Q: 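Just dropping this structure here.
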Amino acid sequence: MKLDGKVVVVTGSGSGIGAACARRFTAAGAKVVVTDLDAAKVEAVTAEIGAVGLAGDIGSPDTVRAVAELARRSHGEIDVWFSNAGITGPARPGDLKPDADWEQAFRVHVMAHLHAAREVAPAMVARGDGYLLSTASVVAMTTDARNATYSVSKHAALALAEWLAVTYRPQGIKVSCFCPGPMLTPMLLSEGFPADHPALARALTPEQVADLLVDAIGTEAFLILDSPMGRDELRAKLTDYDAWIDTTAARFAAPAGR
Ligand SMILES: NC(=O)c1ccc[n+]([C@@H]2O[C@H](COP(=O)([O-])OP(=O)(O)OC[C@H]3O[C@@H](n4cnc5c(N)ncnc54)[C@H](O)[C@@H]3O)[C@@H](O)[C@H]2O)c1
């Protein structure tokens, strides 16, 4: 899909990848709707790019509905809904975390994507066109032993995207899931990696990611990766699942494990 003239909602667009995409998609001619939990960031990004926006918790179906209504009122039918908002929650190696952390991770990484699909898919099916894009993580193909809620909810985000693709692609809706490795955003930087950590060295900037996503949306391929990591993990699992578990466990047991 070409973004020129399209109505595009980007969630989590107050910061990081979402903000960079809001800028880049606007430059590509899209009519972007900005939404984020952080009202000050929504205000800053909308003012910068001349877009409309709404602050709210995208894990709530009421916010999803309000954002969709703002988009329709301002620009007409929604062409692309990019479910991108995310939270890591505290890293707790080897810990199964309290239920509240699981509920919050699933609200933002899964239920928000589900509510968005419920909100926009019927009109997209009626038109035989539209795009559901989501951000999961390369963690959806592996696991991060330091963060159970993030790992498992990102697997579920990819699983939901697969379901949406299988169900809606035959009806003309494009579905893609972005499964990136580390990216140089406030989320990654808040994790406190030392400056020489390999995760930082291989991370793309938000601007590089936004360019990559514009190209990927152009191809409409389901799986969007920013490095070979995701495919390597999938291949390793298929080759020998037990060996993959042992190798992954050893990686996280190492001092700089990730
Ligand atoms: N940065 C990385 O290394 C990395 C790697 C893989 C995947 N991701 C994923 O990329 C996506 C974008 O993250 P980022 O790196 O740009 O981080 P970021 O922290 O810069 O941006 C995430 C944004 O989501 C917003 N948000 C969080 N919870 C929300 C909620 N309930 N309602 C509305 N907005 C909410 C935050 O306020 C923030 O502005 C996330 O889904 C993240 O999990 C990031």
Side-chain angles (χ1 to χ4, degrees), residues 9-24 33-46 53-67 81-89 91 100-101 103-116 133-144 146-147 149-158 160-161 176-193 197-210 212-213 223-227 229-230 233 258:
V9 173
V10 184
T11 79
S13 44
S15 174
I17 300 316
C21 284
R23 292 184 190 103
R24 182 66 183 80
V33 178
V34 173
T35 183
D36 199 286
L37 193 57
D38 188 322
K41 289 180 178 168
V42 170
E43 210 177 305
V45 175
T46 53
L54 186 75
D57 174 5
I58 206 68
S60 155
D62 293 342
T63 304
V64 170
R65 167 61 54 91
V67 170
W81 188 291
F82 182 16
S83 291
N84 167 74
I87 44 161
T88 49
D101 291 20
E103 281 157 16
Q104 182 61 1
F106 272 80
R107 279 180 87 245
V108 181
H109 297 155
V110 187
M111 298 309 287
H113 302 198
L114 172 66
H115 293 137
L133 172 65
S134 58
T135 303
S137 167
V138 74
V139 162
M141 281 127 182
T142 174
T143 203
D144 182 345
R146 302 164 317 132
N147 199 328
T149 51
Y150 191 76
S151 296
V152 179
S153 63
K154 289 296 190 178
H155 274 255
L158 175 59
L160 175 58
S176 299
C177 189
F178 179 38
C179 292
M183 303 179 289
L184 286 173
T185 69
M187 178 180 283
L188 181 70
L189 300 174
S190 73
E191 292 196 43
F193 286 110
H197 195 283
L200 296 180
R202 63 174 179 256
L204 297 184
T205 65
E207 292 70 30
Q208 288 173 317
V209 171
L212 180 151
L213 285 174
L223 183 61
I224 306 174
L225 297 172
D226 62 350
S227 80
M229 278 168 64
E233 294 285 339
R258 179 161 183 164

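In listed order, ligands and their atoms are each counted from 1. On a predicted model such as this, the values are computed, not experimentally measured, just so you know.
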Q: Which ligand 1 atoms are under 4.0 Å away from a heavy-atom of A136?
A: 7 (C), 9 (C)
Q: Any chance you could lay out the side-chain hydrogen bond (donor to acceptor under 3.5 Å, both in side chains) test for N147 and T149, step after step, and finish with the verdict?
A: CA-CA 6 Å; N147 199 328; T149 51; 3.1 Å; yes
Q: Mind checking whether M141 and C179 have side chains closer than 4.5 Å, heavy atoms only?
A: yes
Q: What distance separates T35 OG1 from D57 CG, expressed to the nearest 0.5 Å?
A: 9.5 Å
Q: Output the distance between atom CG (L213) and atom CG (L133), rounded to the nearest 0.5 Å.
A: 6.5 Å
Q: List every atom of ligand 1 that sits less than 4.0 Å from any heavy atom of V108, numbering the atoms from 1 in the order shown and giving each element.
A: 31 (N)
Q: Enter the distance from S137:OG to K154:NZ here, rounded to the nearest 0.5 Å.
A: 6.5 Å
Q: Quick one: which residue pairs count as a side-chain hydrogen bond (donor to acceptor under 3.5 Å, both in side chains) with a foot in residues 11-22, not counting sequence neighbours?
A: none
Q: What is the distance from atom CD of E207 to atom CZ of R23, rounded to the nearest 0.5 Å?
A: 7.0 Å
Q: Is ligand 1 less than 4.0 angstrom away from at least one heavy atom of A20?
A: no
Q: Taking atom 37 (O) of ligand 1 as the point of reference, which of D38, L37, D36 owns the nearest heavy atom?
A: D36
Q: Of the backbone atoms (N, CA, C, O) and the side-chain heavy atoms from C-beta on, which set of A203 has a member under 4.0 Å from an atom of ligand 1: side chain, backbone, both, or neither?
A: neither
Q: Which is it for H115 and R65 under the side-chain contact (heavy atoms from CB on, under 4.5 Å) test, yes or no, and what are the steps along the way?
A: CA-CA 8 Å; H115 293 137; R65 167 61 54 91; over 6 Å; no
Q: Distance under 4.0 Å to a non-hydrogen atom of P186: what atoms of ligand 1 satisfy this?
A: 20 (O)
Q: Show the atoms of ligand 1 that are less than 4.0 angstrom away from any heavy atom in A85.
A: 24 (O), 26 (N), 34 (N), 35 (C), 41 (O)
Q: Give a yes or no on whether Q104 atom CD has more than 12 heavy-atom contacts from other residues, nucleotides or ligands under 6.0 Å away.
A: yes
Q: Does a side-chain heavy-atom distance below 4.5 Å link N84 with C21?
A: no
Q: Just verifying a value: how many Å separate T88 OG1 and E191 CD, rounded to the nearest 0.5 Å?
A: 5.5 Å
Q: Do any nitrogen or oxygen atoms of I87 lie less than 3.5 angstrom from nitrogen or oxygen atoms of ligand 1?
A: no
Q: Between W81 and S83, is any pair of side-chain heavy atoms under 4.5 Å apart?
A: yes
Q: Ligand 1 and M183, any nitrogen or oxygen pair closer than 3.5 angstrom?
A: yes
Q: With only distance considered, is S137 within less than 3.5 Å of ligand 1 through an N or O on each side?
A: no
Q: Examine the proximity of ligand 1 to D57 and report which part, side chain or backbone, both or neither, has a heavy atom under 4.0 Å away.
A: both
Q: So, 4.0 Å and heavy atoms of Y150: is ligand 1 close enough to count as a contact?
A: yes
Q: Within a distance under 4.0 Å of any heavy atom of P182, pick out the atoms of ligand 1 and give their elements.
A: 3 (O)
Q: Using non-hydrogen atoms of the residue, decide whether A19 is closer than 4.0 angstrom to ligand 1.
A: no
Q: Yes or no: does K154 have any heavy atom under 4.0 Å from an atom of ligand 1?
A: yes
Q: Looking only at distance, does I58 have an N or O less than 3.5 Å from an N or O of ligand 1?
A: yes
Q: Under 4.0 Å from a heavy atom of N84: give me the atoms of ligand 1 that qualify, with their elements.
A: 11 (C), 12 (C), 40 (C), 41 (O)
Q: When only distance counts, is Q104 in polar contact with ligand 1, meaning an N/O pair under 3.5 Å?
A: no
Q: Show the atoms of ligand 1 that are less than 4.0 angstrom away from any heavy atom in G16.
A: 16 (O), 20 (O)
Q: Near G56, which atoms of ligand 1 are under 4.0 Å from a heavy atom of that residue?
A: 32 (N), 33 (C)
